[in-house]
Amino acid sequence: QVQLAESGGGLVQAGGSLRLSCAASGGTLSNYVMAWFRQDPGKEREFVAAISRIGVRKDYADSVKGRFTISRDSAKNTMYLQMNSLKPEDTAVYYCAAGQDRSLVAVRYTPSDYDVWGQGTQVTVSS
């Protein structure tokens, strides 16, 4: 069973950048579509970005388009989220997720599409 572990969160000033990593262990990510979600206390988990199994298709929430970039490195069995021009409203716990999918090019947008989750990493953006 694949397990995921996020890293790279922290405190940053508005306008700054962070790079989140999601490392997999216990198996390969090659059969999985991957995504980042985020969640504030008391709110539902929110889609941020997703990437297809072979990385040819990516999609983003409107709120992060043009500022965030999702990528994956099959050799390192790792997914990334480069976050630039961060805003206070980006503050949340960020989770990486993986879901098995037969399609090489599909992306998925809802938490129920994913069955493996990391523990989350806190991102705090100060104004």
K.L.:
Ring centres of Trp117 and Phe37 under 6.0 Å apart?
P.N.:
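Aromatic pair counts; centres sit under 6.0 Å.
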K.L.:
For Tyr95, is the NZ or CZ atom of Arg45 found under 6.0 angstrom from the centre of its six-membered ring and inside 45 degrees of the ring axis?
P.N.:
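Yes, Arg45 lies over the aromatic ring of Tyr95.
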K.L.:
Any donor-acceptor pair under 3.5 Å linking the side chain of Thr124 with the backbone of Leu11?
P.N.:
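No.
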K.L.:
Set out, in order, the CA-CA distance, both residues' side-chain angles and the distance that settles side chain to side chain contact (heavy atoms under 4.5 Å, CB included) for Lys65 and Asp59, then state yes or no.
P.N.:
CA-CA 9 Å; Lys65 278 181 182 175; Asp59 206 357; 4.1 Å; yes
K.L.:
Is Val56 reachable from Leu104 through a run of hydrophobic residues whose side-chain heavy atoms are each under 4.5 Å from the next?
P.N.:
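Leu104 clusters together with Val56.
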K.L.:
Within a 6.0 Å radius of atom CD on Gln3, are there more than 12 heavy atoms belonging to other residues, nucleotides or ligands?
P.N.:
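No, CD of Gln3 has 12 or fewer neighbouring heavy atoms, counting only those of other groups under 6.0 Å.
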K.L.:
Got a second to check how far Arg67's CZ is from Gln82's CD, nearest 0.5 Å?
P.N.:
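It is 12.0 Å, given to the nearest 0.5 Å.
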K.L.:
Looking at every heavy atom in both Leu29 and Arg72, which two are closest together, and how far apart are they?
P.N.:
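Heavy atoms only, the tightest pair is O-NH2, 2.8 Å.
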K.L.:
Any carboxylate oxygen within less than 4.0 angstrom of a Lys/Arg side-chain nitrogen, looking at Arg53 and Asp101?
P.N.:
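Looking at Asp101 together with Arg53, the answer is no, because their closest N to O distance does not fall below 4.0 Å.
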K.L.:
I need the minimum non-hydrogen distance between Thr69 and Tyr60, along with the two atoms involved.
P.N.:
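So the two residues come closest at CA-OH, 3.4 Å.
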K.L.:
Search all heavy atoms of Thr110 against all heavy atoms of Tyr114 and return the closest pair with its distance.
P.N.:
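What the structure gives for the nearest pair is O-CD1, 3.3 Å.
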K.L.:
Is it the case that Asn84 and Ser17 place a side-chain donor and acceptor less than 3.5 Å from each other?
P.N.:
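Yes.
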K.L.:
So, Thr78 side chain and Lys76 main chain: donor-acceptor pair closer than 3.5 Å or not?
P.N.:
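Flag set: sc Thr78 to bb Lys76 pair under 3.5 Å.
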K.L.:
Hey, quick one: are Val107 and Phe68 part of the same hydrophobic cluster, counting side-chain heavy atoms closer than 4.5 Å, chains of contacts allowed?
P.N.:
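No, because Val107 and Phe68 fall into different hydrophobic clusters, even though each may have its own neighbours under 4.5 Å.
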K.L.:
Determine the minimum heavy-atom distance between Ala14 and Ser127, stating which atoms define it.
P.N.:
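For Ala14 and Ser127, the tightest heavy-atom pair comes out as CB-CA, 4.4 Å.
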K.L.:
Report the C-alpha separation of Val93 and Thr121 in whole Å, then their side-chain angles, then the decisive distance to 0.1 Å, and conclude whether the side chain to side chain contact (heavy atoms under 4.5 Å, CB included) test is met.
P.N.:
CA-CA 5 Å; Val93 177; Thr121 185; over 6 Å; no
K.L.:
Going hydrophobic residue to hydrophobic residue with side-chain gaps under 4.5 angstrom, can you get from Ile70 over to Met34?
P.N.:
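Hydrophobic grouping puts Ile70 with Met34.
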K.L.:
If you draw a 6.0 Å radius around NZ in Lys43, do more than 12 non-hydrogen atoms from other residues or ligands fall strictly inside?
P.N.:
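Atom NZ in Lys43 is not packed in, count stays at 12 or less.
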K.L.:
So do the side chains of Asp90 and Arg38 get within less than 4.5 Å of each other, counting heavy atoms only?
P.N.:
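With C-beta onward as the side chain, the pair touches.
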K.L.:
Work out which heavy atom in Glu6 is nearest to a heavy atom in Trp36; give both atom names and the distance.
P.N.:
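Scanning both residues completely, I find the closest heavy atoms to be CG-CZ3, 3.9 Å.
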K.L.:
Please examine the side chains of Asn77 and Thr28, heavy atoms only from C-beta on, and report whether any two atoms are closer than 4.5 Å.
P.N.:
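They are in contact (side-chain heavy atoms under 4.5 Å apart), so the answer is yes.
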K.L.:
Quick check: do Pro111 and Glu44 have side-chain heavy atoms less than 4.5 Å from each other?
P.N.:
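Not in contact.
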K.L.:
Count the heavy atoms of every other residue, nucleotide or ligand shown that sit under 6.0 Å from NZ of Lys58, and state whether that count exceeds 12.
P.N.:
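Atom NZ in Lys58 is crowded, with more than 12 foreign heavy atoms closer than 6.0 Å.
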K.L.:
Please, which pairs that meet disulfide (SG to SG under 2.5 Å) have at least one residue in residues 40-127, sequence neighbours excluded?
P.N.:
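Sorted pair list: Cys22-Cys96.
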K.L.:
For the residue pair Leu4 and Val116, what are the closest heavy atoms and their distance?
P.N.:
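Taking Leu4 first and Val116 second, the nearest heavy atoms are CD1-O, 3.6 Å.
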K.L.:
When you measure from the side chain of Thr91 to the backbone of Val125, do you find a donor-acceptor pair of N or O atoms at a distance under 3.5 Å?
P.N.:
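Side chain of Thr91 to backbone of Val125: a pair is present.
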K.L.:
I'd like to know if Leu20 and Val33 are part of one continuous hydrophobic network [Ile/Leu/Val/Met/Phe/Trp/Tyr, side-chain heavy atoms within less than 4.5 Å].
P.N.:
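Result: no, two separate clusters.
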K.L.:
Quick one: does NZ or CZ of Arg19 land under 6.0 Å from the six-membered ring centre of Tyr80, within 45 degrees of the ring axis?
P.N.:
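Judged by the rule (NZ or CZ under 6.0 Å from the ring centre, within 45° of its axis), Arg19 counts as positioned above Tyr80.
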K.L.:
Roughly how far, to the nearest 0.5 Å, is CG of Asp62 from CZ of Phe47?
P.N.:
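So the CZ of Phe47 and the CG of Asp62 are separated by 10.0 Å.
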K.L.:
May I ask whether Val48 and Ile51 are part of the same hydrophobic cluster, defined by side-chain heavy atoms of I, L, V, M, F, W, Y residues being less than 4.5 angstrom apart, directly or through others?
P.N.:
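Yes: a chain of side-chain contacts under 4.5 Å links Val48 to Ile51.
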